[in-house]
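See structure below.
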Protein chains: 2
Amino acid sequence: MQTSDLIKNWLEQLQASGYRVTEPRRAIVELVATADHALSPIEIYDSGRREYPRLGLVTVYRTLERLEELGLVQRVHSPDGCHRYLRAFEGHQHLLICTRCGRVEMFAGDDLDPLARRVEQATGYQVEEHWLQLFGVCPLCHA
Amino acid sequence: MQTSDLIKNWLEQLQASGYRVTEPRRAIVELVATADHALSPIEIYDSGRREYPRLGLVTVYRTLERLEELGLVQRVHSPDGCHRYLRAFEGHQHLLICTRCGRVEMFAGDDLDPLARRVEQATGYQVEEHWLQLFGVCPLCHA
DNA sequence: CTTGTATTGAAAATCATTTTCAATTAAAAT
DNA sequence: ATTTTAATTGAAAATGATTTTCAATACAAG
Ligand SMILES: [Mn+2]
Ligand SMILES: [Mn+2]
Ligand SMILES: [Zn+2]
Ligand SMILES: [Zn+2]
């Protein structure tokens, strides 16, 4: 899908879910849908204001909340506790984050189900969710 | 090891590393070394003040920093971004956290190396670290 | 175009964490 | 035991991320 189509698609999904398509939301969606790395709310705010100067940081937070609800973006947890937001990809995916530049790659194919089942057996817990992130250095940062 | 020995051991390790053994540190170590679930700084502060009423929250943060440096406690990352602290166990361990009551279990035996190597091949990244947490409901919370 | 309501953003509030700094205290040196 | 000295402490203020409040605004339905 073209990025322009992706943007249009996200806006349609917002509308189809009963939300309104507004200028600030347009600016935020444009940024997040086309970004190649995970963005922090402040980054989105700063870049977004170039497109739509009256944008408020509160609206950034609120819009990201909506987009997360709709499964269009996913939260990236940083070791320091802050959050970044990234376009959600299809299927079951996890993240590989460059500790130098913040670039993010997705990967699939982890099969944690056997592990989860073994842990359930051992502990009596009912495992509901798992959280897996890899950290490393991207090829571009090897120089 | 008995819990009293564990406490003594931690205090000795602090001293051996050139740190002083103080009343506030004693109170914090007592709590964290014997806790059965991950504690937040505020929880440690509140409980700690019963033992040593002049305890300051700043000291809780600073002491946890020291204990983490020494490898005695480990940080637990919550979905909301806040941190809790838990006695560090031996060897390569991961966490299973009860989403209801906060109880924490450790588990070992994940073999993520094949996955990490496959992802390295696919992306060109050099994987340095992984971060795995399971979330679920503990047996006691099934009622 | 009018209307009703979702949405917005400025400002203030909240919450976790860090910094500053003068007073205190543990432990090494007398 | 007393002195000395640097590490440690905690109150208060600063910081940074996120949330709440609320009156003004703008989308989209009619
Ligand atoms: Mn997975
Ligand atoms: Mn592991
Ligand atoms: Zn990089
Ligand atoms: Zn539980």
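For the numbers below, each heavy atom of this structure counts, side chains included, while hydrogens, waters and symmetry mates do not.
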[N] phosphate, OP1 or OP2, under 4.0 Å from [X] side-chain N/O:
X	N	value
Arg26(A)	dC27(D)	no
Gln15(B)	dA27(C)	yes
His83(B)	dT17(C)	yes
Arg54(A)	dA24(D)	no

Using whole Å, report how far [atom1] of [X] lies from [atom2] of [N].
X	N	atom1	atom2	answer
Arg66(A)	dA6(C)	CZ	C1'	10 Å
Tyr61(A)	dA17(D)	OH	P	7 Å
Arg75(A)	dT18(D)	CZ	C1'	10 Å
Arg20(A)	dG4(C)	CZ	P	13 Å
Leu14(A)	dA26(D)	CG	P	19 Å
Asp80(B)	dT19(D)	CG	P	10 Å
Arg62(A)	dT8(C)	CZ	P	7 Å
Glu65(A)	dT8(C)	CD	P	12 Å

Fill in: Residue mapping more 5' on DNA chain D - nearest nucleotide basis, Thr63(B) or Gly81(A)
Thr63(B)
Worksheet item: Any chance the side chains of Glu65(B) and Tyr85(B) put a donor and an acceptor closer than 3.5 Å?
Response: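 No, because no side-chain N or O of Glu65(B) sits under 3.5 Å from a partner of the opposite role on Tyr85(B).
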Practice prompt. Can you label the angle between the Phe107(B) ring and the His94(B) ring as parallel, tilted or perpendicular, going by 30° and 60°?
Written response: tilted
Discussion item. Reading DNA chain C from 5' onward, which residue's closest nucleotide shows up sooner: Tyr19(B) or Glu23(A)?
Written reply: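 Going by which nucleotide is closer to the 5' end, it is Glu23(A).
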Worksheet item: Nearest nucleotide by nearest heavy atom, which residue falls closer to the 5' end of DNA chain C, Cys82(B) or Val21(B)?
Response: Cys82(B)
Worksheet item: Met106(A), Trp131(A): one ILVMFWY side-chain cluster at the under-4.5 Å cut-off?
Response: no
Fill in: Cluster link Leu132(A) to Tyr125(B), ILVMFWY, side chain under 4.5 Å
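Cluster IDs for Leu132(A) and Tyr125(B) match.
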Considering only [options], which nucleotide approaches the side chain of [X] most closely?
X	options	result
Tyr52(B)	dA26(D), dG9(C), dG10(D)	dG10(D)
Thr22(A)	dT7(C), dT9(D), dG9(C)	dT7(C)
Val58(B)	dG10(D), dT17(C), dT21(D)	dG10(D)

Practice prompt. Applying side-chain hydrogen bond (donor to acceptor under 3.5 Å, both in side chains), run through His37(A) and Arg103(A) and close with a yes or a no.
Written response: CA-CA 5 Å; His37(A) 68 287; Arg103(A) 195 179 316 276; over 6 Å; no
Worksheet item: Checking all strands, does Leu57(A) fall into the base, sugar-phosphate, or nothing category for heavy-atom contacts under 4.0 angstrom?
Response: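 Base, at least one base heavy atom under 4.0 Å.
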